[in-house]
Amino acid sequence: MVDAHVHFSQTGFFDGRPDALDIRDTLRFDSLQARLKRNPNPYLESYLRSGVTAVYDVGGFEWIVDLSKSAETDLNAPHVAAAGPLLTPFPQDRLDMFNVPPSRQMLALTSPEFGKEFVKKKFRTRFHRNQNLDY
């Protein structure tokens, strides 16, 4: 079974969605993201225990793309595919609550040219991981 819409940068609670209920003064968003990056295993294992053998993260931090590589050699993880950061028409200042500098999981789509260049760079980096993205 495939779960084709997951977000490893969200927990399913308000701590992962500061736009729904902003509790960052109690539960720090940057600490949450560091913990999720450091230990995604509970989520990976829960997918397998639920019969899900592949997941697709439809938008999040770049570390989730890297997670897909390590999951491929982990027998306790499903196959992981990831889109990387989301492009959105919202202005960047409205997206900053979702980002942990210098990493961003949401980027403002400021122009058609920016969108095209971003997609081209992301496509190239999927095949040449040693290239850096400038965004």
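From a predicted model like this one, the values you see are computed outputs, not experimental measurements.
The distance from atom CG of Leu44 to atom CG of Leu67, rounded to the nearest 0.5 Å, is 5.5 Å. To the nearest 0.5 Å, atom CG of residue Leu87 and atom NZ of residue Lys122 are 9.5 Å apart. Distance check, rounded to the nearest 0.5 Å: CD of Gln33 to CD of Gln10 gives 8.5 Å. The CZ atom of Arg38 sits 11.0 Å away from atom CH2 of Trp63, with the distance rounded to the nearest 0.5 Å.
Pairing each heavy atom of Asn99 with each of Gln92, the nearest pair is ND2-NE2, 3.3 Å. For Ala108 against Pro91, the heavy-atom pair with the smallest separation is CB-C, 4.1 Å.
When side chains are defined from C-beta on, Tyr43 counts as touching Leu36, because their heavy atoms get closer than 4.5 Å. You'll find the side chain of Gln105 reaches within 4.5 Å of the side chain of Ser9, heavy atoms only.
Annotation: side-chain hydrogen bond (donor to acceptor under 3.5 Å, both in side chains) contacts involving residues 75-89, sequence neighbours excluded, comprise Glu72-His79.
Neither Val80 nor Val2 shares a network with the other; the hydrophobic side chains, linked directly or stepwise wherever heavy atoms of I, L, V, M, F, W or Y lie under 4.5 Å apart, form separate groups for each. Side-chain heavy atoms closer than 4.5 Å link hydrophobic residues (I, L, V, M, F, W, Y) into clusters, and following such links, even through other members, never connects Leu48 to Val6.
Between Phe114 and Phe118, the ring-plane angle classifies as parallel under the 30° and 60° cut-offs.
Qualifying side-chain hydrogen bond (donor to acceptor under 3.5 Å, both in side chains) partners for Asp3, counting only residues two or more places apart in sequence or in other chains: none.
Salt bridge annotation for Glu62-Lys37: absent, with no cationic side-chain nitrogen under 4.0 angstrom from a carboxylate oxygen.
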In residues 49-61, what donor-acceptor pairs under 3.5 Å come from side-chain atoms, sequence neighbours left out?
{"from": "Ser50", "atom 1": "OG", "to": "Ser46", "atom 2": "O", "distance (Å)": "2.9"}
{"from": "Asp57", "atom 1": "OD1", "to": "Gly59", "atom 2": "N", "distance (Å)": "3.0"}
{"from": "Asp57", "atom 1": "OD2", "to": "Phe8", "atom 2": "N", "distance (Å)": "2.6"}

